[in-house]
Amino acid sequence: MIIPSIDLQGGRTVQLVGGERLAVDAGDPAPWLRRFALAGEVAIVDLDAARGEGSNAAAIRALCRSARVRVGGGIRDLATARRWLDAGAHRIVLGTAATPELLAQLPRERVVVALDEKAGEVVTHGWRRGTGAALLERIAALRPLCGGFLVTFVDREGRLGGTDLERAAAVVQCAAGARVTIAGGVTDAAEVAALDRLGADAQVGMALYTGRLDLADALAAPLRSERADGLWPTVVVDEASVALGLAWSDADSLREAVATRRGVYRSRKRGRWVKGATSGDWQELLAVDLDCDRDALRFTVRQHGAGFCHLGCRSCWGDDRGLPRLARRLAVIRAADGAAAVASNSARLLRDPALLAAKLREEAAELAAPGADVVAEAADVLYFTMLRLAAAGVDLADVEAELDRREWRVTRRACAAKESGS
């Protein structure tokens, strides 16, 4: 798979050749993250912090809240490592600080060890200092203590000359189960596919920024099809991972989907099919994932309009239920006006913040009371909570993402009740 890279210098997205010469200044990292996040996890590298020449921490903290990212550059002590994990980084990347003593104090699966190889030697401090250590020996020593390795072939970095597949194979074999990401020289989709077959991911920067490698082509590179027409089955799900239907994709439709961030598929009868182009029930594409066998896709979408099914249902299996369904109903009520809205208790609560706040307090107290009917009272609390979200224009998926980020934290606050009136 591909791991797109956003390298930051002075708050701007850059690409350097050999870690020294500026070749690309791509500006604000936020648009790049929105684009790259379709592919899954994105690498954020603080070049200034790595060199001890400043920090891009403020910008990176904002990026951590926008997508699933791995953060690296300048993480040299336990406090900094924990701070990034608490800030929402899905993984952190440690370089010179990746000692057994430090790694033992961090969650193994959340840590990637960065090892940069130049002329056969592991180098540090922005690729400027040699260590005298051999790459494979370093991997063997640290693999029990980390979840993965990021190996950069410095001599190939930023030069668009291709990566070293033979060396990558040796690295994967030595890592023995820890997931390997290869950086340095990855140029085309064929190399992404070759690395995937080896069991490694490809961290790519320069080729994406220069247009040498298309993001959709990189995503599709590991895919295969057993069909005569070469199509890939595409499971379409919403933000809650509820299946909306099954469609088909090919390289052309996938490129269009990624470029426009819309639900675009390949109809076996009509050719390229842009969902909602005629019905208005369009889809915002949020993520593209490959399955474990590399023969199917999953599109995560935000469905607009009546739904995915041509019969006007939310999904091809009928309407859904639960909190997502309630959230959509309340969003419709919030947007409505006229007699229907006036007659609705939900509409009244949406227009009366004081009443809604009072009901929230009341229902929370009833749920907390000894002997409460927990199912009924919890349903009340959730209903009024969903009303509060609708009134604020907050999506349920944003709350779920916040809960995910809190699960990733490694520093826990003491759980104590606030004093009355505080």
Side-chain angles (χ1 to χ4, degrees), residues 3-14 26-99 101-114 126 145-150 179 181 183 201 203 205 239 286-287 392 394-416:
I3 308 290
S5 179
I6 297 176
D7 298 351
L8 295 179
Q9 187 176 61
R12 299 180 67 80
T13 305
V14 301
D28 183 1
W32 289 104
L33 181 61
R34 285 193 293 272
R35 178 186 176 193
F36 290 158
L38 284 177
E41 194 165 286
V42 179
I44 309 292
V45 184
D46 191 336
L47 295 178
D48 294 325
R51 295 177 169 187
E53 297 173 354
S55 171
N56 295 277
I60 296 175
R61 277 194 293 270
L63 297 175
C64 284
R65 297 187 62 83
S66 301
R68 180 169 288 204
V69 301
R70 55 176 66 174
V71 176
I75 304 177
R76 298 188 177 95
D77 55 60
L78 181 62
T80 304
R82 286 177 171 170
R83 188 159 56 246
W84 281 122
L85 292 172
D86 291 341
H90 188 237
R91 303 181 215 274
I92 54 172
V93 182
L94 300 183
T96 55
T99 63
E101 294 75 20
L102 178 57
L103 294 175
Q105 300 178 75
L106 294 167
R108 179 180 182 270
E109 70 282 0
R110 303 277 302 281
V111 177
V112 175
V113 172
L145 298 167
C146 66
F149 291 96
L150 167 62
R179 187 69 181 180
T181 302
D201 297 318
Q203 185 159 312
E239 304 99 311
L286 304 178
V394 173
D395 196 286
L396 178 61
D398 295 332
V399 179
E400 293 173 331
E402 175 63 22
L403 290 171
D404 286 341
R405 283 191 291 270
R406 292 184 183 186
E407 180 186 354
W408 298 342
R409 291 177 183 170
V410 294
T411 303
R412 302 296 179 187
R413 294 180 298 179
C415 186

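This chain uses plain numbering: 1 for the first residue, then up along the sequence. The figures here come from the full heavy-atom set of this structure, side chains too, leaving out hydrogens, waters and symmetry mates.
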Just wondering, do [Y] and [X] contact through their side chains at under 4.5 Å, heavy atoms?
X: Ile6; Y: Val69; value: no
X: Arg68; Y: Trp408; value: yes
X: Pro4; Y: Trp32; value: no
X: Ile92; Y: Leu106; value: yes
X: Arg34; Y: Pro31; value: yes
X: Thr13; Y: Leu8; value: yes
X: Phe149; Y: Arg179; value: no

Roughly how far, to the nearest 0.5 Å, is the [atom2] atom of [Y] from the [atom1] atom of [X]?
X: Arg35; Y: Leu33; atom1: CZ; atom2: CG; result: 12.5 Å
X: Leu78; Y: Arg83; atom1: CG; atom2: CZ; result: 10.5 Å
X: Thr181; Y: Ile3; atom1: OG1; atom2: CD1; result: 5.5 Å
X: Leu103; Y: Glu101; atom1: CG; atom2: CD; result: 8.5 Å
X: Arg82; Y: Asp77; atom1: CZ; atom2: CG; result: 10.5 Å
X: Thr96; Y: Ile75; atom1: OG1; atom2: CD1; result: 10.5 Å

Can you give me the closest heavy-atom contact between [X] and [Y], atom names plus distance?
X: Gly74; Y: Thr80; answer: O-CG2, 4.4 Å
X: Val399; Y: Val394; answer: CG2-CG1, 4.2 Å
X: Glu239; Y: Ala397; answer: CB-CB, 4.0 Å
X: Cys64; Y: Ala87; answer: CB-O, 3.6 Å
X: Gln203; Y: Ser5; answer: NE2-OG, 3.6 Å
X: Leu63; Y: Ala30; answer: CD2-CA, 4.1 Å

Check the surroundings of atom CZ in Arg65: do more than 12 heavy atoms from other residues, nucleotides or ligands lie under 6.0 Å from it?
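Result for CZ/Arg65: open.
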I'd like a table of donor-acceptor pairs (distance under 3.5 Å, sequence neighbours excluded) in which one partner is a side-chain atom from residues 40-49, with atom names and distances.
| residue | atom | partner | partner atom | Å |
| --- | --- | --- | --- | --- |
| Glu41 | OE1 | His90 | ND1 | 2.7 |
| Glu41 | OE1 | Arg91 | NE | 3.3 |
| Glu41 | OE2 | Arg70 | NE | 2.7 |
| Glu41 | OE2 | Arg70 | NH2 | 3.0 |
| Glu41 | OE2 | Arg91 | NE | 3.0 |
| Asp46 | OD1 | Asp48 | N | 3.2 |
| Asp46 | OD1 | Ala49 | N | 3.0 |
| Asp46 | OD1 | Asn56 | ND2 | 2.8 |
| Asp46 | OD2 | Asn56 | N | 2.8 |
| Asp48 | OD2 | Gly10 | N | 2.6 |
| Asp48 | OD2 | Asn56 | ND2 | 3.1 |

